[in-house]
Amino acid sequence: MLRLSKILNKKVVKALSRAFPEEALAADINGETLDAQLVPASKPEFGDFQINGALQLAKLLNQSPQKIAAAIVEQLQNDREFSTMFKPPEIAGPGFINITLNNRCLEAEVTQHLQDERLGVPLVNPSPETKEGSRIVIDFSSPNIAKEMHVGHLRSTIIGDSLARILEFRGHQVLRLNHLGDWGTQFGMLISYLKLVAPEALATANAVDLGDLVNFYRQAKQRFDEDECFQTTSREEVINLQSGDPIALQAWELLCNQSRKEFQQIYDKLDIRITERGESFYNQYLEGVIKDLDANGILVNDQGAKCIFLEGITGKNGKPFPMIIQKSDGGFNYATTDLAAIRYRFNSLPNGDEAQRLIYVTDAGQANHFKGIFQIAKRANWIPNGGLLEHVPFGLVHGEDGKKLKTRSGDTVRLRDLLDEAINRAESDLRHRLEEEGREESAAFIKHVSNTVGIAAIKYADLSQNRMTNYQFSFDKMLALQGNTAPYLLYALVRIAGITRKGGDISHSTDKLQFSEPQEWCLIRELLKFDEVIIEVEEQLLPNRLCSYLFGLSQVFNRFYDQVPVLKADEPNRGCRLTLCKLTADTLQLGMNLLGLPTLERM
RNA sequence: GGGGCUGUAGCUCAGCCGGAUAGAGCGACGGUUUCCUAAACCGUAGGUCGUGGGUUCGAGUCCCGCCAGCCCCGCCA
């Protein structure tokens, strides 16, 4: 519909200025335009589009909304092309204009989408130099070395991946960066502790596994909180590491490798592609950040620490809030690293990423932090012309009790356990149903379906919710066979695959499409909305919009499937309906790909 | 104290640039299977959009106040 709505919009703007030439000219002189407010119809009864502008223009034009609407409609009807594309517009209510596409135009649009792999979604305009879309960095996932991935990483990973897929599809060059927590105080803690209790772990590969490391980390953290002496050793150890001490570096590398293997298993399960570039990468740029900030005159020495006082943000005492860039002991902290990362990512190649847009997918609790470092980046003049810095925040994952998700014993839930449980539950659901239906399936089939359903369910449950709100994690709901869930979407695709298997040549091209059933028209209208939804998701970075669209499409398809026979219909209906099935399958498939959801032929 | 987010049906949530009678799903109740996977479809009930003002032709949506819940705020990330 994107193409059609653009054409229509031009016609409406023209009609409005022809209907009211003097006022349009006057507005033009003031640098304004008369706004016709063309939007998609809010309800199917109102057609495909509606023009709301007549109501607002009533005052300006000093006429009744109905009269204005009538004048616009008259101009539209003078447009011959308009009349070939649309049914006669109708004026309704206080002065709305309802516009409905005529059937032939819809049929032509379906034909065009059938030949278009992109289903109407345009590529972004390439920049003249690179001949490609803009370079975008998406910073997501970002687990910490020596800790296991837990629910907290789930949302960032899933949402970040989906946004990356959508931006890539639009033609941007996307750099997916895993800003791994592989540096900092925690390492000092861990290395000092391991020196005491398990020195072999620091010198030999695979001496300990991640589970052990996590335990050591927990113990180290406890010791750190209780033992002042240990705190000092830990801080010294960080400084050793940051200054390149070979023994510390070797220990560090072993620890990282151990964690890396574990992370990769999770990413493989979730089908996440991401480039590792941990905090340590920016170590070599930290000094430069300090110098640069100092040269810009915004660095202040306060109680021995180098900080920047944020403008417009006050701390507890009502004074400007300080952001510490270098601690009094000379160590750097995460703000320094984040600043170095911004500077590097905006910098020109080859000493930077030359990005035009940086997107951070982290929890909403870090909003203040990002506000602060974004302000500093701006004041330090690191943001190029047209450069964008965006924090894409999301809410917490809650359990069904409405509190932060924990295991029964009160620990954080490990991501691997969460995925395994979803898969196991999907498997027992499947086995139960196979038994009920008397179906026999191979072990490989059962494994594949359970895996796909389990992973898709977890991802979809997360993506389908507006990311800003906290979300209630429930295996029962996400795996439910009905409702707005991944299994429901998967099932729609499976039904179409079933039609194909039963002899519907879905690639069969029909010269002339023609439709008659209301359910066919509903399906067509829904299918043609896909392109607009993708653009909207790109603008707002809200994948849940795509989810609701795909759910709605599945619902409309299921209604169609239920009420309109496909294989048993006579030609030409049979062929036409098969092409609708094909287009539905393509749309669902592409939409689910863009969300990072795996799909199935049978389930 | 400062900042942020949230408050919509019994439950979980949508709601786009302010548009027409407020939208789903679950749950509840009732119906549909000679037929392409019933993991589906159809129907019924269910609302003071936290609250009080304001802006205007029109407010769940924008502005201000208040109430409630959650999160963040100096050397952890």
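So that the names make sense, note that chain A is the first sequence line, chain B the second, and so on, each numbered from 1.
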| query | Of the residues in residues 535-547 of chain A, which ones touch RNA chain B at a heavy-atom distance under 4.0 Å? | reply | A:E536, A:Q540, A:N544, A:R545

| Residues forming a ring pair (Phe, Tyr, Trp, His ring centres under 6.0 Å) with A:F370, sequence neighbours excluded | A:Y360, A:F374, A:H391

| ring pair (Phe, Tyr, Trp, His ring centres under 6.0 Å) with A:Y488: which residues, sequence neighbours excluded? | A:F551

If a pair satisfies salt bridge (Lys or Arg N to Asp or Glu O under 4.0 Å) and one of its residues is in [range], list it, with sequence neighbours excluded.
{"range": "residues 178-188 of chain A", "value": "none"}
{"range": "residues 530-542 of chain A", "value": "A:R170-A:E538, A:E536-A:R545"}
{"range": "residues 89-98 of chain A", "value": "none"}

Think [X] has a side-chain N or O under 4.0 angstrom from the OP1 or OP2 of [N]?
{"X": "A:Y491", "N": "B:A38", "result": "yes"}
{"X": "A:K502", "N": "B:U37", "result": "yes"}
{"X": "A:R574", "N": "B:C36", "result": "no"}
{"X": "A:K306", "N": "B:C75", "result": "no"}
{"X": "A:R501", "N": "B:U37", "result": "no"}
{"X": "A:Y471", "N": "B:C5", "result": "no"}

| Contacts of type side chain to side chain donor-acceptor pair (under 3.5 Å), residue A:K477, not counting sequence neighbours | none

Tabulate atom names and distances for all N/O pairs under 3.5 angstrom spanning the protein and nucleotides 43-45 of chain B.
none

| Stacked cation flag A:R223 on A:F230, 6.0 angstrom / 45 deg | yes

| note | Nucleotide by nucleotide, nucleotides 20-29 of chain B touches protein heavy atoms under 4.0 Å in the pattern (B base, S sugar-phosphate only, - none) BS-SSSS---

| Per the atom types in the model, does the base of B:C41 pair as donor or acceptor with the side chain of A:D562 at under 3.5 Å? | no

To the nearest Å, how far apart are [X] [atom1] and [N] [atom2]?
{"X": "A:I308", "N": "B:C75", "atom1": "CD1", "atom2": "C1'", "value": "14 Å"}
{"X": "A:H398", "N": "B:C5", "atom1": "NE2", "atom2": "P", "value": "17 Å"}
{"X": "A:L310", "N": "B:G74", "atom1": "CG", "atom2": "P", "value": "12 Å"}
{"X": "A:L463", "N": "B:C13", "atom1": "CG", "atom2": "P", "value": "16 Å"}

No-hydrogen, no-angle side-chain donor-acceptor test under 3.5 Å, [X] and [Y]:
{"X": "A:Y460", "Y": "A:N484", "result": "yes"}
{"X": "A:T336", "Y": "A:Q326", "result": "no"}
{"X": "A:Q366", "Y": "A:D363", "result": "yes"}

| note | When A:V494 and A:N368 are each assigned the nearest nucleotide of RNA chain B, the 5'-most assignment goes to A:V494

| task | Syn or anti for B:C13, please, going by whether the chi angle lies within 90° of 0. | result | anti

| field | Pairing annotation in dot-bracket form, given for RNA chain B with Watson-Crick or G-U pairs under 3.5 Å and | for cross-strand partners | value | (((((((..((((.....[...)))).(((((.......))))).....(((((..]....))))))))))))....

Find every protein N or O atom lying less than 3.5 Å from an N or O atom of nucleotides 57-59 of chain B, and list the pairs.
from	atom 1	to	atom 2	distance (Å)
B:C57	OP1	A:K59	NZ	2.8
B:C57	OP2	A:K59	NZ	2.7

Distance-only donor-acceptor pairs under 3.5 Å for side chains of residues 151-159 of chain A, two or more places apart:
from	atom 1	to	atom 2	distance (Å)
A:H153	ND1	A:H150	N	3.1
A:R155	NE	A:D462	OD1	2.8
A:R155	NH1	A:G395	O	3.1
A:R155	NH1	A:T469	O	3.2
A:R155	NH2	A:D462	OD1	3.3
A:S156	OG	A:S141	N	2.7
A:S156	OG	A:V361	O	2.8
A:T157	OG1	A:S141	OG	2.9
A:T157	OG1	A:H153	O	2.5

